[in-house]
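See below for the structure under consideration.
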Amino acid sequence: MQLIDGKAVAEQVKQEIAAEVAQMTAQGKRAPHLAAILVGHDGGSETYVANKIKACAVCGFKSSLIRFEETVSEAELLAAIDRLNRDDEVDGFIVQLPLPKHIDEQKIVEAIDYRKDVDGFHPVNVGRACIGLPSFLSATPAGILELLRRYKIETAGKHVVIIGRSNIVGKPLANLLMRKDYPGNATVTVVHSYSTDIKEQCLSADIIVCALGRPHFLKEDMVKPGATVIDVGTTRVPSTQTKSGFKLTGDVDFDAVAPKCAYITPVPGGVGPMTIVSLMKNTLLAGAKAIY
Ligand code: NAP
């Protein structure tokens with residue numbers, strides 16, 4: 001069994017990005033600029049945004065954080081998005097999700113100029129990715145592709161089972177893995193909470209991607225020997241062993257499943273760091289005007 005070290009790959013990709021940024025600035029161009037809008041003080045969102053800003057510094061990007069209280073109106077948020085859309089000094093920006101209930105998330109996502117949508121959530125980017133046109137790829141699926149690429153894991157003709165059909169992980173990943181490219185050319189099965197044959201599907205899978213958010217869902221008897229297992233799940237479960245009082249738990253029963261696998265990602269340290277790195281890659285592309 002080989003552990004897929006997402007943390008190490010992420011560090012390497014950030015160094016590669018930093019080298020490209022150094023080249024850009026040496027040529028007199030300005031460094032890419034990522035802005036983030038953060039609403040409220042949710043612990044998870046605060047951590048994610050702080051990590052994204054830290055990663056910007058490592059990559060040599062400029063970053064800005066725009067904060068709003070939980071009570072911000074949808075109109076105020078839309079006005080901030082409009083300002084960022086029109087700001088030539090901002091190459092890409094994100095609105096950290098989830099948003100408070102009184103704000104329509106889809107409306108917010110669609111208000112972002114797709115040419116600055118470095119999260120890859122705008123329907124234009126989702127649609128373009130779906131038909132194989134250049135676009136900003138959704139960060140988590142793009143991070144998973146990068147891990148498969150760096151570990152040279154074959155996908156052509158392989159059976160990939162994805163557990164979960166969310167718009168940010170399951171669906172875009174399924175599309176990417178069936179495109180005519182590498183990683184891709186896979187036979188993809190997507191299962192979800194209505195599926196009745198998840199165990200059977202998993203047992204025939206060469207690659208299993210767990211993206212459902214149910215700790216330890218994937219058990220040892222659901223995995224065929226030699227399979228690759230990618231664990232996207234990050235559920236916060238209470239823990240007395242950490243300072244924060246919780247620990248991140250994946251969707252895979254790691255200790256039991258790992259010995260059966262050819263490759264497996266840990267949680268934390270697998271897909272998570274790659275998600276941030278994909279955002280950095282999209283920001284680099286946005287700064288270089290390489291897509292739009
Ligand atoms: P989501 O929007 O909550 O969707 C979960 C999906 O899993 C749904 O399609 C749901 O089916 C399916 N599901 C739930 N329970 C199931 C069950 N018992 N059996 C089969 N399918 C089941 O999730 P998400 O946003 O994609 O996130 C999934 C997990 O990944 C979460 O733990 C999240 O925190 C984590 N995540 C991590 C990263 C990272 O960077 N590491 C990034 C994104 C998400 P239905 O559609 O039928 O409801």
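One-based numbering, in listed order, for ligands and for the atoms of each.
- Within a 4.0 Å radius of atom 27 (O) of ligand 1, the protein has no heavy atom.
- The two atoms that bring D91 and A31 nearest to each other are OD2-O, 4.1 Å, heavy atoms only.
- In summary, the atoms of ligand 1 found under 4.0 Å from a heavy atom of I198, numbered by their order in the structure, are 19 (N), 20 (C).
- With respect to atom 14 (C) of ligand 1, the closest heavy atom belonging to the protein is R214 NH2, 3.6 Å.
- Atoms of ligand 1 found under 4.0 Å from any heavy atom of G272 (numbered from 1 in listed order, with element): 40 (O), 41 (N).
- Neither side chain, H216 nor T249, offers a donor N or O lying under 3.5 Å from an acceptor on the other.
- Remark: minimum distance from atom 3 (O) of ligand 1 to any protein heavy atom is reached at L212 O, 4.7 Å.
- Summarising the geometry of G233 relative to D251, their closest heavy-atom pair is CA-OD2, 3.4 Å, with the distance given to 0.1 Å.
- From the protein, the heavy atom lying nearest to atom 29 (C) of ligand 1 is G213 N, 3.6 Å.
- When all heavy atoms are compared, the tightest approach of T140 to I168 is CB-O, 4.5 Å.
- At a heavy-atom distance under 4.0 Å, only side-chain atoms of T140, from C-beta outward, approach ligand 1.
- Summary of contacts: the protein heavy atom closest to atom 44 (C) of ligand 1 is V169 CG2, 4.0 Å.
- Among the atoms of S193, some N or O lies under 3.5 angstrom from an N or O of ligand 1.
- Side chains of H33 and S64 form a contact here, defined as non-hydrogen atoms less than 4.5 Å apart.
- Scanning the protein heavy atoms around atom 30 (O) of ligand 1, the nearest turns out to be V232 O, 3.5 Å.
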Show me the donor-acceptor pairs, under 3.5 Å and distance only, between side chains in residues 20-29 and residues at least two apart or in other chains.
from	atom 1	to	atom 2	distance (Å)
T25	OG1	V21	O	3.1
T25	OG1	A22	O	3.0
Q27	OE1	K29	NZ	3.1

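- Distances below 4.0 Å separate heavy atoms of Y194 from the following atoms of ligand 1: 47 (O).
- No side-chain donor from either of H159 and T187 sits under 3.5 Å from a side-chain acceptor of the other.
- Among protein heavy atoms, atom 39 (C) of ligand 1 sits closest to T275 OG1, 3.7 Å.
- Residues satisfying the side-chain hydrogen bond (donor to acceptor under 3.5 Å, both in side chains) test with E200, not counting sequence neighbours, are none.
- Atom NZ of K289 is surrounded by more than 12 heavy atoms from other residues, nucleotides or ligands within 6.0 Å.
- With a heavy-atom cut-off of 4.0 Å, I168 touches ligand 1 through its side chain alone.
- Of all protein heavy atoms, the one lying nearest to atom 23 (O) of ligand 1 is S166 CB, 4.1 Å.
- Considering backbone and side-chain atoms together, R165 places an N or O closer than 3.5 Å to an N or O of ligand 1.
- With respect to atom 6 (C) of ligand 1, the closest heavy atom belonging to the protein is G164 CA, 3.6 Å.
- Looking at heavy atoms from C-beta onward, V229 lies in side-chain contact with V223 at the 4.5 angstrom threshold.
- The distance from ligand 1 to the heavy atoms of F217 drops below 4.0 Å at these ligand atoms: 18 (N), 19 (N).
- The minimum heavy-atom distance linking A111 with L78 is given by the pair CB-CD2, 3.5 Å.
- The residue V191 has no part lying near ligand 1, judged by heavy-atom distances below 4.0 Å.
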